[in-house]
Amino acid sequence: MPELPEVEVTRQGIAPHLINQTPVELIIRNRSLRWPIPDVAQNIIGQKIRAVYRRAKYLLVETQAGTTIIHLGMSGSLRVLPVNTPIEKHDHVDLVLDNKKLLRFNDPRRFGAWLWYELPMENHPLFSKLGPEPLTDSFNVEQFSTALIGKTKAIKLCLMDNHMVVGVGNIYANEALFKAKINPSAAAGQVDHARLGELVSAVKDILAKAITQGGTTLKDFTNAEGKPGYFAQKLHVYGRGNQTCDVCGHLLSEIKLGQRTTVFCGICQPIK
DNA sequence: ATTCGGCCCTGCGTGC
DNA sequence: TGCACGCAGGGCCGAA
């Protein structure tokens, strides 16, 4: 479900309801997510929430005693709901607050995560090797081209590799490469500097616009209030294999890269 | 060290 | 109507 824009839209939606609240109960109905939800997840109880922030696609609920780490995986979502809202299928976790609301985690495929960490987040093994945030100046063409030196694998796989830059999933990787006119299969280390500059700009532009639009709703993404996003109406290649290119009118090609569907225009994005 | 493929899981659309 | 199959917004892990 979520790439960075959807996670950020979720964060913006839930944060006002959580900040300065104190969890009174953590209800775990199914702890078998990507990793089992640990017993120490209960340590958030009684700890006032002082921030809700995001790193890569992780949502972080910070207290003085430690931080709850939430990842939505492919199909996860978070809603803020009144206590006593009836349970639905795949509602695995409720964080009950002292304001008569709860944060509810639903995840059909259970690729998501709910963890607890008491040290500074940069020490966490999941965070220690993450690349820069795409919407900050730490992601720039100098940094990116340096990271790609000598890489033989496809540029699209590098764009989706959290060591290079975080938060770019399959939808926005396809879209950014189209906008930058780079063939997704091109060897990453061979792409010229000017094209990489276009790519960096495209990533920033597309992610920022998607956040403004409330994210991309393909099937079922909704924000914390249950409303869908509208960015899907602006997608040029993702989900459009064998349709015509918006720019040149030729048929879009569809291939697999890293087992992920990849759509591009062979005319606008030549191999070169 | 890098790259690649498998895998975790449920649900939905397609085609027989 | 039912069933088998393939595919889906992510990312870890082990093999080569």
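Every heavy atom of this structure was used, including side-chain atoms; hydrogens, water molecules and symmetry mates were not. Each chain gets a letter, A, B and so on, in the order the sequences are listed, and its residues count up from 1.
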OP1, OP2 of dG10(C) versus side-chain N and O of His71(A): anything below 4.0 Å? no
Under 3.5 Å on both distances, the Watson-Crick or G-U partner of dC9(B): none
P spacing across the pair dG6(B) / dG6(C), given as an integer number of angstrom: 13 Å
So, Phe111(A) and dC9(B): ring centres less than 5.5 Å apart, planes less than 30° off, yes or no? no
Are any of the side-chain nitrogens in Arg240(A) or Glu254(A) under 4.0 Å away from the carboxylate oxygens of its partner? no
Is it true that Glu3(A) and Lys57(A) make a salt bridge, defined as a side-chain N closer than 4.0 Å to a carboxylate O? no
Find the distance His163(A):NE2 to dC12(C):P and express it as a whole number of Å. 8 Å
What is the distance, to the nearest angstrom, from the CG atom on Asn162(A) to the C1' atom on dT3(B)? 16 Å
Whole angstroms only, please: what is the NZ-P distance between Lys151(A) and dC4(B)? 11 Å
Of the nucleotides dA8(C), dC4(B), dG6(B), which has the atom closest to the Gln259(A) side chain? dG6(B)
Examine dG11(C): is either OP1 or OP2 under 4.0 Å from a nitrogen or oxygen in the side chain of Lys57(A)? Give yes or no. yes
dT10(B) phosphate, OP1 or OP2: any side-chain N/O from Arg110(A) under 4.0 angstrom? yes
Any strand is fair game: report the nucleotide pairing with dG9(C) by Watson-Crick or G-U wobble, both distances under 3.5 Å, or none. none
Salt bridge between Glu8(A) and Arg11(A), side-chain N to carboxylate O under 4.0 Å? yes
If we take the P atom in both dG5(B) and dC7(C), what is their distance in whole Å? 15 Å
Find which nucleotide of DNA chain B each of His90(A) and Arg34(A) is nearest to by heavy atoms, and output the residue with the more 5' nucleotide. Arg34(A)
In plain terms, say whether Asp137(A) and Lys204(A) are close enough for a salt bridge, that is, a side-chain N and a carboxylate O under 4.0 Å apart. no
Could you check whether the rings of His92(A) and Phe105(A) sit parallel, tilted or perpendicular, using 30° and 60° as the cut-offs? tilted
Heavy atoms only, 4.0 Å cut-off, all strands: where does Leu33(A) land among base, sugar-phosphate and nothing? nothing
Quickly work out the Leu126(A) CG to dG11(C) C1' distance and round it to whole Å. 10 Å
Any side-chain heavy atom of Thr63(A) sitting closer than 4.5 Å to one from Trp116(A)? yes
With a non-hydrogen cut-off below 4.0 angstrom, is Ser32(A) in contact with a base, only sugar-phosphate, or nothing? nothing
Protein-nucleotide distance (Asn174(A), atom CG; dC7(C), atom P), rounded to Å: 15 Å
Separation of dT3(B) P from Ile155(A) CD1 (nearest whole Å): 12 Å
When you check the phosphate oxygens OP1 and OP2 of dG9(C), does a side-chain N or O of Arg260(A) lie under 4.0 Å from one of them? yes
Among dA8(C), dC12(C), dG11(B), which nucleotide has an atom closest to any side-chain atom of Tyr58(A)? dC12(C)
For the pair Asn30(A) (side chain) and Ser32(A) (backbone), establish whether a donor and an acceptor sit closer than 3.5 Å, ignoring hydrogens and angles. yes
With a 4.0 Å cutoff (strictly under), does any side-chain N or O of Thr152(A) reach OP1 or OP2 of dT3(B)? yes
Less than 3.5 Å between a donor and an acceptor, one on the side chain of Glu3(A) and one on the base of dG10(C), is that the case here? no
Roughly how many Å is it from NE2 in His92(A) to P in dC9(B), rounded to a whole number? 12 Å
How many Å lie between CD1 on Ile255(A) and P on dC4(B), as a whole number? 13 Å
Under 4.0 Å between a side-chain N/O of Lys89(A) and OP1 or OP2 of dC9(B), yes or no? no
Pair of N/O donor and acceptor under 3.5 Å linking dG10(C) base with Arg109(A) side chain: no
Could you work out the separation of dG9(C) and dT3(B) based on their C1' atoms and round it to a whole Å? 24 Å
Trp35(A) has a side chain; which of dG11(C), dG9(C), dC12(C) sits nearest to it? dC12(C)
With respect to the phosphate group of dG9(C), does any side-chain polar atom (N or O) of Tyr238(A) fall under 4.0 Å of OP1 or OP2? yes
